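Since this is a predicted model, take the numbers as computed values, not measurements.
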Amino acid sequence: MSVVGRAAIQEAERLGLFDAVKWYAREAPRPAAAKAENVLAKSPAMEARARRIVDTGRRMVGSLRWQGGTKLDEEAGWRLSEKTLWGRDNDFGRWMRGTGPEPGPSGTMACTDAVMYIAHRAGAVDEATLRRIHEEAADAASAAWRERGDSWPAECAFWKVMDDHLLRGERTHFEVDPAMGISGPDIPAGHVVMINNSHAMTSLGTRDAQGRQEVLSHWVHPERMPPDDGTDQPFGRLQQTSVQEVVASMNYGYALPIDSAAPSWLLGG
């Protein structure tokens, strides 16, 4: 997903563009899913999956490439585009569409893709399940397009299905008091952290020396890599950072909502 600027959000609200989101929340179909509390793992199997995700993700730090957010391909039935918003090849999108191989260490993908890819590499979710999730999202987007005839509700429908898997458990709001340096509640390992419903990260379940909530984040912030391909575009890699550092790099302060929950693959379904 891509981060939307505050000015763009305000303009969208003024124009009533978020009416589509309200419509989707009320009418669009979504998969049935049992909710689970956003608490520490209660079963050995869930705890083991979370540990594999964290350990695998730590080993992957410094790999992958972020070169623009995800976009959808209307001509391909609202599936992930094979190109990013920056016009670069989306290796994860090609893999999900069956037009490319599973991405390697230098594969290009967006933040949400990386969250799923780490879980896949950890053995927490298989390729067939990832494809089913994406087909389910594309089907919801296509249904919204047929109903509304507009791209905005179609995109909302796609990401609502994705959110239902990324944040399958009960959502917990993460609060930060920058003046006091206090934040919480603690986010369990393996849970997905979402900033402003636009940037997804994987919680490591730990705090750094400054008491900040540690995460794995695939983005061009807070660390931006210089261009290395003859263009003037920087790129991002998978980073071990913190919620606080990522939010600080967005320059919006803590007005942006920060939520977390257990993903469907951590809960075993």
Side-chain angles (χ1 to χ4, degrees), residues 1 36 38-67 69-70 80 90-96 100-134 162-163 165-169 174 186-195 199-208 212-223 225 235-243 245-246 259-269:
M1 296 182 220
N38 188 4
V39 294
L40 293 171
K42 293 183 177 180
S43 73
M46 183 176 173
E47 188 173 9
R49 283 193 294 272
R51 182 50 49 196
R52 290 201 309 272
I53 290 170
V54 167
D55 290 345
T56 299
R58 286 184 189 274
R59 290 194 296 271
M60 292 171 62
V61 167
S63 67
L64 308 179
R65 293 177 72 95
W66 188 97
Q67 293 183 291
T70 295
L80 289 180
N90 182 345
D91 296 316
F92 186 88
R94 294 175 64 234
W95 179 42
M96 285 295 97
E102 179 176 329
S106 61
T108 296
M109 61 189 70
C111 62
T112 306
D113 308 333
V115 167
M116 295 185 168
Y117 186 62
I118 292 169
H120 169 69
R121 297 296 299 173
V125 60
D126 59 28
E127 179 178 342
T129 299
L130 288 180
R131 288 182 187 275
R132 176 180 57 77
I133 291 171
H134 282 83
M162 297 301 289
D163 281 356
H165 287 279
L166 290 164
L167 299 166
R168 173 63 58 87
F174 187 75
D186 290 342
I187 304 175
H191 282 213
V192 173
V193 183
M194 190 74 74
I195 300 177
H199 182 61
M201 307 176 290
T202 300
S203 172
L204 293 175
T206 54
R207 301 269 183 160
D208 65 12
R212 299 173 298 194
Q213 183 75 50
E214 292 188 299
V215 292
L216 295 171
S217 174
H218 185 53
W219 199 23
V220 73
H221 300 294
E223 183 179 5
M225 307 299 294
F235 66 97
R237 290 195 184 279
L238 183 65
Q239 304 174 43
Q240 179 171 329
T241 180
S242 68
V243 172
E245 289 172 284
V246 173
D259 297 291
S260 67
S264 59
W265 48 85
L266 190 58
L267 298 172

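For Q240 (side chain) and V61 (main-chain N/O), no donor-acceptor pair under 3.5 Å exists by modelled atom type. Panel note: side chain T202, backbone V115; no donor-acceptor pair is recorded below 3.5 Å. R237 places a side-chain N or O within 3.5 Å of a backbone atom of L64 that can act as its donor or acceptor partner. Between the side chain of H165 and the main chain of I133, no donor-acceptor pair closer than 3.5 Å is present. Looking at H191, its side chain never comes within 3.5 Å of a backbone N or O of P263 through a donor-acceptor pair.
The closest side-chain heavy-atom distance from M109 to M96 is not below 4.5 Å. In this structure, T112 and L166 have side chains that are in contact, with non-hydrogen atoms separated by less than 4.5 Å. For the pair L204/R58, a side-chain contact is recorded, criterion being any heavy-atom separation below 4.5 Å from C-beta on. In this structure, the side chains of T129 and W265 stay at 4.5 Å or more apart for every pair of heavy atoms. F174 is not listed as a side-chain neighbour of S260, based on a closest heavy-atom distance of 4.5 Å or more. Inter-residue side-chain proximity for T241 and W219 is flagged as unmet; no heavy-atom pair is nearer than 4.5 Å.
Closest approach of R65 and S106 over heavy atoms only: CD-O, 3.6 Å. Of all heavy-atom pairs spanning H218 and A110, the tightest one is CD2-O, 3.6 Å. Between L266 and A50 the shortest heavy-atom distance is CD1-N, 3.5 Å. Considering all non-hydrogen atoms of both residues, T108 and Q67 come closest at OG1-OE1, 3.2 Å. Between V54 and A189, the closest heavy-atom pair is CG2-CB, 3.7 Å. Looking at every heavy atom in both residues, P188 comes nearest to S203 through O-OG, 3.1 Å.
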Trace of the side chain to side chain contact (heavy atoms under 4.5 Å, CB included) decision for H134 with M162: CA-CA 8 Å; H134 282 83; M162 297 301 289; 3.6 Å; yes

Chi angles and distances behind the side-chain hydrogen bond (donor to acceptor under 3.5 Å, both in side chains) call for S217, H199: CA-CA 9 Å; S217 174; H199 182 61; 2.8 Å; yes

Side chain to side chain contact (heavy atoms under 4.5 Å, CB included) assessment of R207 paired with Q213: CA-CA 5 Å; R207 301 269 183 160; Q213 183 75 50; 3.6 Å; yes

Check against side chain to side chain contact (heavy atoms under 4.5 Å, CB included), L238 and I118: CA-CA 10 Å; L238 183 65; I118 292 169; 3.9 Å; yes

R49 vs L267, side chain to side chain contact (heavy atoms under 4.5 Å, CB included): CA-CA, chis, key distance, verdict: CA-CA 9 Å; R49 283 193 294 272; L267 298 172; 5.8 Å; no

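Ion pair R94/D91 flagged as a salt bridge, since at least one NZ, NE, NH1 or NH2 atom sits closer than 4.0 Å to an Asp/Glu carboxylate oxygen. The residues E127 and R131 are annotated as salt-bridged, a charged nitrogen and a carboxylate oxygen being separated by less than 4.0 angstrom.
Residues forming a salt bridge (Lys or Arg N to Asp or Glu O under 4.0 Å) with D208 (at least two apart in sequence, or on another chain): R212. Applying the ring-ring contact (aromatic ring centres under 6.0 Å, His included) rule to Y117 yields no partners; only residues at least two apart in sequence or on another chain are considered.
The OG1 atom of T70 lies 4.0 Å from the CG atom of D113; values are rounded to the nearest 0.5 Å. M116 CE to S264 OG: the interatomic distance, rounded to the nearest 0.5 Å, is 7.0 Å.
When the options V246, I187, D259 are evaluated for a side-chain contact (heavy atoms from CB on, under 4.5 Å) with V193, the one that passes is I187.
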